[in-house]
**Q** 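One structure follows; several queries about it will come next.
The analysis underlying the following values was restricted to heavy atoms, covering all of them including side chains, and did not include hydrogens, waters or symmetry mates.
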Amino acid sequence: MGLFGKDKRSDAERTEDAMQQAERIVGGKGLTGKLAKGFMGADTMAKFGDGLATARNAQADAAIAASGIPGVKATVTGLADTGTMINNDPVVNLSVTLESGQALQMDQILVSKLQIPRVGDSVNLIPNPSAPGTYVYGGLAV
């Protein structure tokens, strides 16, 4: 519902609606999108678009991590801050080595500010069922 009634949609539905609205604005669609692009400039809108893409990837990664698929342990060999924050959590680029010795580079990974990995830490990686041979960051290994 709207302003005076109770909204009966789920949190996931409200989140999806908000993401779609933000993507329309960043894409310059509608009056709000055109005004935003005009006042803030195309470069700023492109940065907002990059942030939205990172947020979408984080949503997908969280869904995979919550799926219960068993993870693989890896050791962090490199960490670089991208300068992007989503809900005050940093987005980083990780270099990791799997237990098998395979080295991986993982770009644009959202990590909790309470559990930022450091070089030498063990982390969980979860195989991505939608992209075989790739992994989703699953947090620090316990």
**Q** Got Leu94 and Val76 here, is their nearest side-chain heavy-atom distance under 4.5 Å?
**A** yes
**Q** Taking Ser122 for its side chain and Ala141 for its backbone only, find out whether a donor-acceptor pair lies under 3.5 Å.
**A** no
**Q** Does the side chain to side chain contact (heavy atoms under 4.5 Å, CB included) test come out yes or no for Asp121 and Thr75, once each step is laid out?
**A** CA-CA 6 Å; Asp121 283 350; Thr75 302; over 6 Å; no
**Q** Are the side chain of Asp81 and the backbone N or O of Gly83 linked by a donor-acceptor pair below 3.5 Å?
**A**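 Checking the backbone N and O of Gly83 against the side chain of Asp81, a donor-acceptor pair under 3.5 Å is found.
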**Q** Considering residues at least two apart in sequence or located in another chain, which fulfil the side-chain hydrogen bond (donor to acceptor under 3.5 Å, both in side chains) criterion with Asp107?
**A** Gln105
**Q** Return the CG to OG1 distance between Leu110 and Thr84, rounded to the nearest 0.5 Å.
**A** 10.5 Å
**Q** Determine yes or no for a side-chain-to-main-chain donor-acceptor pair under 3.5 angstrom, with Asp89 supplying the side chain and Lys113 the backbone.
**A** yes
**Q** When rounded to the nearest 0.5 angstrom, what distance separates OG1 in Thr97 from NZ in Lys73?
**A** 15.5 Å
**Q** Can you tell me how far the CG atom of Leu140 sits from the CG atom of Asn124, to the nearest 0.5 Å?
**A** 8.5 Å
**Q** As an exercise, state the distance from CE of Met106 to CD1 of Ile109, rounded to the nearest 0.5 Å.
**A**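 Going from CE on Met106 over to CD1 on Ile109, the span is 4.0 Å.
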**Q** Tell me the closest heavy-atom pair linking Ser112 and Pro90, and the distance in Å.
**A** C-CD, 4.4 Å
**Q** Pairs under 3.5 angstrom only: tabulate donor-acceptor contacts from the side chains of residues 31-49 to other protein residues two or more places apart or in another chain.
**A**
from  : atom 1 : to    : atom 2 : distance (Å)
Thr44 : OG1    : Met40 : O      : 3.1

**Q** Could you measure the distance from the CD1 atom of Ile126 to the OH atom of Tyr135? Nearest 0.5 Å is fine.
**A** 11.5 Å
**Q** Got a second to check how far Leu79's CG is from Ile116's CD1, nearest 0.5 Å?
**A** 8.0 Å
**Q** Search all heavy atoms of Thr82 against all heavy atoms of Val91 and return the closest pair with its distance.
**A**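 Heavy-atom minimum between the residues: OG1-O, 2.6 Å.
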**Q** Any idea which heavy atoms bring Pro117 and Val111 closest together, and the distance?
**A** CD-CG1, 4.0 Å
**Q** For Val96 and Val123, which heavy atoms make the closest approach, and how far apart are they?
**A**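 Heavy atoms of Val96 and Val123 come nearest at CG1-CG2, 4.3 Å.
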**Q** Test: salt bridge (Lys or Arg N to Asp or Glu O under 4.0 Å). Region: residues 20-30. Which pairs qualify, not counting sequence neighbours?
**A**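 As it turns out, the salt bridge (Lys or Arg N to Asp or Glu O under 4.0 Å) pairs with a partner in residues 20-30, which skip direct neighbours, are Glu23-Arg56.
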